[in-house]
Amino acid sequence: MSFKFPKSSEIPTEFSILPIHQKEYLIDGELKVWEGKMISVHSPIFLEESGKPKQLEIGSYPAFGATEALAALASCERAYDGGSGEWPQTSIENRIKAIQKFTNLMLKERDLIIRLLMWEIGKTHKDSAKEFDRTIEYINDTINALKAGDRDSSRFVFEKGILAQIKRAPYGIVLCMGPFNYPLNETFCTLIPAIAMGNTVLFKPAKFGVLLLEPLLKCFKEAFPKGVINTLYGDGASVISPIMESGKIDVFAFIGASTTANIITKKHPRLNRLRSILGLNAKNPAILLEDCDLESAIPEILMGSLTYNGQRCTALKIIFVHEKIADSFIKKYLAALANWKAGMPWEKDVMLTPLPEEGKTKWLTELMDDAIAKGARIQNVGGGEVLESFMFPAVLYPVSKDSRLYHEEQFGPLVPIVPYKDISETIAYVKESNLGQQASIFGRDPKVIGKLTDILVNQVARVNINAQCQRGPDNFPFTGRKDSADGTLSVSDALRAFSMRSLVAAKDDEESKQLFREILETKASSFISTNFIL
Ligand code: G3H
């Protein structure tokens, strides 16, 4: 394998990083200094020292215990104050101003955050920059959606002798936990809408991608009133358990593994109080029909299966190919893969990089070996070779139904290819799967594609035609069926997910109308108001 880790002297200055020992945490609007136990952060990027790869420590962060976790919860509670706090009571206009202030401050940290994304999770420079910019765009779109929603709800409705004003109100205290593969974007896709709707938030960074949030602590502090955002650091069991067991969490926003979501949710003693917004596991199939145009399909399937080393929830994680085109598909797929460069995240045109999860390459090797033992062969030279945290993608064919890789989500650079004779075999896979996020169909025949789409739309949440699976554009609904998701996220759906419709109603008579007129004229209420943001 030509892949190797760099020497320290080979790191370009503009991408180098100094260790960040993050002791500060945000609680009650203050940046407090942690003096307790710290958790080390190791980069997936090793450095070559005396001819051997050595893992690099790039910083550390606090290891909270139950006391600190409960203090953060108490800060959140005080700020929400049963809905009477400053933040849930303030106008949408003021919330938008605070979010805009935060965004402007965040933009100043762009370069450092991008570098930290590269060092903490091994994402390429191009994709790290994309993650940052997409997050800013998401925040701006959220502000616009908030304004549009405010305009729509600013009028009174009259129905069957009742007059009412229907608006959206916050739920209360939100616990936000994001995933390591999009530690900035996916965390902010729940955190920002949660705050925008007037909730207060407890925010625990993902397992990897913690330090990159450090530059944002001061931005949160400056932009939002005290207690609106409180940060939690440390091991999930020590920090999340006491918070959930308190029964005070109103919304649990989590992107990650379904098993983890279940463990956390079950700790809540009042499950009917708890709303959940969950983005969970997926094993999205690509289905290549006999007549598919391989030239245009290959780039989509390659990007879909191996972008960020296959560590996307939307990645194509199993490829069904009609047996008549299997050989030519594999040949073309491998030819395209051969042009993909492996290396360090900062290298120009690099596509394949080291993996952040400790022990991941070992686990993937086990999955690969199991598929091989059950009849698959590695199709590409160097496929599955490992150097510490780096694994060169292994293209495996023919992967059989009884192998683990057929069922388990690899979330890494393994590409299982399954030949099929009849389309019913692929439909059976989708129906039998406990996951149901998305699927991709590649083909040309409108009748076949139309029929297959009709079946798949009732099994997954998005069917992509001649295109890879993906979350974006962020205004589209992003969800899943079965064990893949609970709730829908998109710019506007997220605002709905973190709020409920609440209304004020009265008899449609002159007396009520006069009372409402006076409330409006004297601006006695921010809920009962016909003003809207221009
Ligand atoms: O990891 C799951 C992400 O939501 C995928 O987003 O399709 O834009 O890469 P993406």
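Quick note: numbers below take in every heavy atom, side chains included, and nothing from hydrogens, waters or symmetry partners. For clarity, every value in this text was computed on a predicted model and none was experimentally measured. Just so you know, ligand 1 is whichever comes first in the structure, and atom 1 is the first atom listed for that ligand.
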(message) In the structure I gave you, are the side-chain heavy atoms of His42 and Phe208 within less than 4.5 Å of one another anywhere?
(response) no

(message) Whether the Gln311 and Lys123 side chains hold a donor-acceptor pair (N or O, under 3.5 Å, no angle test) is what I'd like checked.
(response) no

(request) Decide yes or no on ring-ring contact (aromatic ring centres under 6.0 Å, His included) for Tyr429 and Tyr406, but give the supporting numbers first. (result) CA-CA 9 Å; Tyr429 173 85; Tyr406 186 87; 5.0 Å; yes

(request) Would you kindly say whether Asp483 and Ser258 are connected by a side-chain donor-acceptor distance under 3.5 Å? (result) yes

(message) I need the contact residues for ligand 1: any residue with a non-hydrogen atom closer than 4.0 Å to the ligand, ordered by chain then number.
(response) Arg134, Asn181, Tyr182, Glu186, Arg312, Cys313, Thr314, Gln470, Arg471, Phe478

(request) May I ask you to test the Phe390-Thr361 pair for a side-chain heavy-atom distance under 4.5 Å? (result) no

(message) Could you check whether Tyr333 and Ser305, counting side-chain N and O atoms only, form a donor-acceptor pair closer than 3.5 Å?
(response) yes

